[in-house]
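Structure record follows, encoded as structure tokens.
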Amino acid sequence: MQENRTRYPGYDLLKEKDHWDDHTRAIVLKRLGPFEKHKFLNQHEADLIAAIAKHILYDERKELLDYVLHHIDNKLSSPIGEDQRKVGTPDQKVLIREGLKALDKLAQKQYGAPFLEVDPQPQLLLLSALAAGKAAPMTEWQTIPQKELFKKLATQITSAYYSHPTVWSEIGYGGPAYPRGYVRVEKGLTDPWEAKRNAQES
Amino acid sequence: MPKNHDYVQHDCDHYDGHRNNHLGKRKYSDGADICIVGAGAAGGVLAYELSKAGFKVVVIDAGPFWNPQTDFASDELSMQSLAWNDTRLVAGSDPLSMGHNNSGRGVGGGTVHFTGVFYRFHESDFMVKTVDGVADDWPIRYEDLEPYYAKIEKDIAVSGPKHFPWGPFQGPYPYPEREPISANALIFREGCAKLGLKSTVAPLAILSAPFDGRPPCINRGFCNQGCLPNAKFSTLIHHIPKAIKHGAEVLSDCMVTHVDVDKTGLVTGVTFVHDDKEYFQKAKITIISAFCIETPRLLLHSACPQFPDGLANSSGMVGKELMTHSAHDIFAKFHDEVRIYKGTPVLAVSQDFYETDQSRGFVRGYTFNAHGSRPLGLAKNLVAKAGIWGQKLYDIMRDYNFFAQITMVGEVLPNVNNSVTLSDEKDEYGMPRPLVTFGYSVNDNKLIAHAVAKANDILEAAGGKPAFVIPDTGHLMGTCRMGNDPSTSVVDGFCRSHDIPNLYICSAAAFVTSGGGNPTETVMAIAARTADHIIEEASKGE
């Protein structure tokens, strides 16, 4: 999973942070940690989400996964709503807590061990089954809709990961640009501080 | 700048201190002339026009009075707070994404995080039944809104092309079109040109030159996260500050939970909650401008002995015929970098497919917007809406800079089964959560398939390789439709409820059909027309 992750090897967006407004800078730098103790997730739940996140994100770096877990823990301990919830799906706190238990039970049923003790390949198969709503029948799925469980976890994991400045640098995203803005927006032009590709690359 | 323009005389950012923190000591606690629920696109215009005309106006909004300089940031994740995050239950064959996708919260409402794309509807949009034999005609015509479209465009200095080649209004716009345009917008225009399609620079509620103490756009690109330089119009920075100057009071962080009615069946005002405490705001006229979910929820929840099925609902149409726009995002990969994060998200458009063409096998049509995306929005939609994750997601995001994007805005026909009703689940105020049911029709799906194929043609003609499509929706319309017949509609052509003469329902909720383009300008034009109507009625002593 850890081959060359970027087409912009020399680019670090955080070098530009002094050009950002204070509010944005404070928000983005907090994502580098350190993070407070989890308020909602217990250790086993956090380990499970980290294992799931490795598959969703195709990335195993701890410093990024730590932020992903921090973000999800914040979401689950907040009274703020979840925008929408499909009829028949429980509140996200219940969906994730009970859903992770069901995932362990599913792994036990299929592979004779809890999720974390199963090899990555069968882990991926279990998650693919959840995503398609085709995991092996269990009574749990009556109250924990599989697809909604997968979608909730995958959406939260992805939202946090693609908000991390390290990932922004790797994909060559220019990121925050206030107060200076983008001056050269025309096709083929870049501002001097934006990500430039490796000259060797075609 | 236009003569007699109402200049902003203040720092237009924030109104600390304008509202007395003790809600018992508020400005019109003895009674206002007009109470407006919701300070968004419609509520902002109404508050401004009516306070300017001398009415005592109170505007109540559930969310905060944002200060762009300290509350907004160049960050997608944290700015999801600009959306209505309260949980809505969704159902149907195509359940809607809510939150940031379509619902604003706080003063300015959705205008705080809209892309600023500013279209008039076409003549045919108001007479779909007459022209195409489907849906229904509006009780008003394009000509009724024409002066209000022109007024709104002038009031906020809309920028756009000298010549706009579609619909009855062909330009010029008050302010020059934006330039330069982004790579993504140019690729779209190149593709259109190769196929013989017309395209223009987008008409935008975003400044191309200084106006009203605000600067032109700096291409920061975060229109959907709240504009920090105040170059993009919102009612938060334009209409609401001016309304306050004309005497209006804005009660932010106040959730209206009930519309109250007296024995004669007239509305007396509204009940709202602030910091767990309940208050009553008395008013002669109440206007609900709370968009397409909260409006029917409030009206249905306000059922009382006089109106057991909810207020203004003798037709049974409150909450019915909810519409959205099909808004699929079509992506193609290019050899050279496009960098869709740069600049105003929508800078080029085409309405060549707007009107019905029987040869296509469906009625009505759509708009194409060349559309930018930022990393979170793209990755989240890939996962949640396109079902793409794992290595495939990683591979796409690694090449983030090499994709160009077109977003369709497709007309969705009204369907009585698409609705907002009250669920059994309660929220923190003890109000039932709304149940939002939606599914596309056969016509809607044919239209989508046509648009996706055409967008791929355009991107391919520009040199791209079609890559993936994200099924998406945008905007909400309907649930309190206007009409001449009280047995089939909720409000008349002036947004006045058929059942209760001092209750108005004025927002996108009053739309009869969705149109095939971004709806905000039409919402504002309708609001300006409703304001004129109220002023005229008052002058007649009614």
Side-chain angles (χ1 to χ4, degrees), chain A residues 1 5-8 20-21 23-24 26-28 55-59 71 79-88 91 124 127-128 131-132 151 154-155 157-163 167-168 170-190 194-195 197, chain B residues 70-78 81 83-91 95-101 180-183 186-187 218-222 228-229 336-339 341-343 374-376 378-380 382-384 387 389-391 393-394 397-401 423 428 435-436:
Chain A
M1 280 190 196
R5 297 196 68 92
T6 180
R7 303 179 76 158
Y8 305 94
W20 304 347
D21 63 281
H23 188 219
T24 300
I27 288 168
V28 174
H55 291 287
I56 305 284
L57 301 169
Y58 197 65
D59 194 347
H71 170 73
I80 294 170
E82 47 186 314
D83 296 346
Q84 73 279 323
R85 186 188 339 126
K86 217 168 159 178
V87 163
D91 181 281
L124 186 58
L127 293 176
S128 301
K151 197 162 134 181
T155 305
I157 287 166
T158 309
S159 296
Y161 181 80
Y162 285 101
S163 297
V167 179
W168 289 349
E170 286 171 353
I171 64 174
Y173 172 50
Y178 182 72
R180 68 179 163 187
Y182 288 98
V183 180
R184 297 158 190 85
V185 298
E186 296 98 320
K187 195 176 168 192
L189 300 187
T190 49
E194 289 186 81
R197 278 157 82 185
Chain B
T70 53
D71 292 336
F72 297 173
S74 302
D75 181 64
E76 293 176 272
L77 188 64
S78 55
S81 60
W84 190 279
N85 299 129
D86 292 9
T87 304
R88 273 87 173 250
L89 299 178
V90 294
L96 293 175
S97 288
M98 306 300 295
H100 200 262
N101 191 43
I181 61 171
S182 63
L186 186 70
I187 285 168
I218 58 168
N219 273 318
R220 167 178 162 260
F222 287 86
L228 268 162
D336 295 317
E337 287 150 320
V338 182
R339 299 184 190 252
Y341 59 85
K342 288 179 76 169
R374 339 212 114 253
L376 185 160
L378 176 56
K380 184 179 165 185
L382 281 166
V383 167
W389 55 281
Q391 188 174 357
L393 172 68
Y394 163 77
M397 293 307 292
R398 187 171 180 271
D399 291 338
Y400 167 65
N401 278 345
S423 74
E428 64 194 285
L435 171 61
V436 181

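All chains are named by letter (A, B, ...) in the order of the sequence lines, taking the proteins before the strands, and each is independently numbered beginning at 1. Just so it is clear, the values below take in all heavy atoms, side chains as well, and ignore hydrogens, waters and symmetry mates.
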Of the backbone (N, CA, C, O) and the side chain (C-beta and beyond), which part of B:Phe222 lies under 4.5 Å from a heavy atom of chain A, both, or neither?
-> side chain
Let me know if A:Ile157 has heavy atoms under 4.5 Å from chain B in its side chain, its backbone, both or neither.
-> neither
Examine whether an atom of B:Thr70 lies under 4.5 Å from a heavy atom of chain A, and if so say whether it belongs to the side chain, the backbone or both; otherwise answer neither.
-> backbone
Are any side-chain N or O atoms of A:Glu194 and backbone N or O atoms of A:Gly174, one a donor and one an acceptor, separated by less than 3.5 Å?
-> no
Evaluate side-chain contact (heavy atoms from CB on, under 4.5 Å) for B:Arg339 paired with A:Thr190, printing each intermediate quantity in order.
-> CA-CA 9 Å; B:Arg339 299 184 190 252; A:Thr190 49; 3.4 Å; yes
Options B:Ile181, B:Asp399, B:Asn401, B:Asp86, ranked by heavy-atom pairs under 4.5 Å with chain A, top entry = B:Asn401
When the 4.5 angstrom heavy-atom criterion is applied to A:Pro179 and chain B, the contacting part is backbone
Can you check whether A:Tyr161 reaches A:Ile56 side chain to side chain, under 4.5 Å on heavy atoms?
-> no
Contact class of B:Leu186 relative to chain A, heavy atoms under 4.5 angstrom = side chain
Rounded to the nearest 0.5 Å, the CG atom of A:Asp83 sits from the CG atom of B:Leu96 at a distance of 12.5 Å
Of all of B:Pro229, B:Ser81, B:Pro95, B:Gly387, which one pairs up most often with chain A through heavy atoms under 4.5 Å apart?
-> B:Pro229
Heavy-atom pairs under 4.5 Å with chain A are the metric here; pick the option from B:Val90, B:Ile218, B:Leu393, B:Val383 that has the most.
-> B:Val90
Which atom of A:Gly81 lies closest to which atom of B:Thr87, heavy atoms considered = CA-OG1, 3.5 Å
Identify which of B:Asn101, B:Asp75, B:Leu378 forms the greatest number of heavy-atom pairs closer than 4.5 Å to chain A.
-> B:Asp75
Region of B:Leu382 in contact with chain A, defined by heavy-atom distances below 4.5 Å | neither
Would a distance-only check, ignoring hydrogens and angles, find a side-chain to backbone donor-acceptor pair under 3.5 Å from B:Glu76 to B:Leu376?
-> yes
Please state whether the side chain, the backbone, both or neither of A:Ile27 comes within less than 4.5 Å of a heavy atom of chain B.
-> side chain
Between A:Arg197 and A:Tyr8, does a side-chain contact (heavy atoms from CB on, under 4.5 Å) hold up when you go through it step by step?
-> CA-CA 5 Å; A:Arg197 278 157 82 185; A:Tyr8 305 94; 3.5 Å; yes
Leading residue by heavy atom contact count with chain B [cutoff under 4.5 Å; candidates A:Pro79, A:Ser128, A:Gly88] | A:Ser128
May I ask you to name which of B:Ser423, B:Gly343, B:Ser97 has the most heavy-atom pairs under 4.5 Å with chain A?
-> B:Ser97
Which atoms of A:Ala131 come close to chain B, meaning under 4.5 Å heavy atom to heavy atom: side chain ones, backbone ones, both, or neither?
-> side chain
So what's closer than 4.5 Å to chain A heavy atoms on B:Pro180: side chain, backbone, both or neither?
-> both
Quick one: sort the A:Tyr173 and A:Trp168 rings into parallel, tilted or perpendicular, breaks at 30° and 60°.
-> perpendicular
Which region of A:Ala195, side chain (C-beta onward) or backbone (N, CA, C, O), has a non-hydrogen atom less than 4.5 Å from a non-hydrogen atom of chain B, or is it both or neither?
-> both
Interface check, chain A: of B:Gly221, B:Ser78, B:Pro375, most non-hydrogen pairs under 4.5 Å belong to B:Pro375
Does B:Tyr341 offer a backbone N or O that forms a donor-acceptor pair with the side chain of B:Arg374 under 3.5 Å?
-> yes
Going through the checks in order, is the side-chain contact (heavy atoms from CB on, under 4.5 Å) test met by B:Leu228 and A:His23?
-> CA-CA 11 Å; B:Leu228 268 162; A:His23 188 219; over 6 Å; no
When only pairs under 4.5 Å are counted, which of A:Leu57, A:Leu127, A:Val183 shares the most heavy-atom pairs with chain B?
-> A:Leu127
Any side-chain donor near an acceptor of the partner, B:Ser74 and B:Arg220, under 3.5 Å = yes
